[in-house]
Amino acid sequence: LPADVDDACGRLLAALLLPEDDPTTLAARWRAWPPHHADADPAWLDGDPRCLGELYRAAAQAAQAHLADEGGDPAAPYRRLGEALRRG
């Protein structure tokens with residue numbers, strides 16, 4: 001994909017999947033999202049801390065890349081969720 005189309009698609013996906021009001025719902029949204037559900041990897045379990053950690057890392061990266069122009073630090077909630085997960 002051309003870079004501008006790739007960026008636009010990433011921004012749209014970030015806007016659709018990254019919950020603004022309650023970041024803790026990310027795993028449930030991801031699990032219910034049809035493209036993920038249709039091509040689900042049986043090893044990807046959102047109850048598995050390793051998988052959740054990767055999901056939060058990817059969410060933080062996507063928020064930083066695609067939502068930073070909205071102000072503040074949109075990646076912070078996902079980083080905090082990942083940190084809390086690592087602390088156990």
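Not counting sequence neighbours, the partners of R57 by the side chain to side chain donor-acceptor pair (under 3.5 Å) test are E54, Q61. For D22, the side chain to side chain donor-acceptor pair (under 3.5 Å) partners two or more places apart in sequence, or in a different chain, are T24.
Between L85 and P49, the closest heavy-atom pair is CD2-O, 3.2 Å. Between A27 and L52, the closest heavy-atom pair is CB-CD2, 3.6 Å. The two atoms that bring A59 and L18 nearest to each other are CB-CD2, 3.6 Å, heavy atoms only. Listed here is the closest heavy atom pair of P23 and P77: CG-CB, 3.4 Å.
For the atom pair CD of E83 and CZ of R80, the computed distance is 8.5 Å after rounding to the nearest 0.5 Å.
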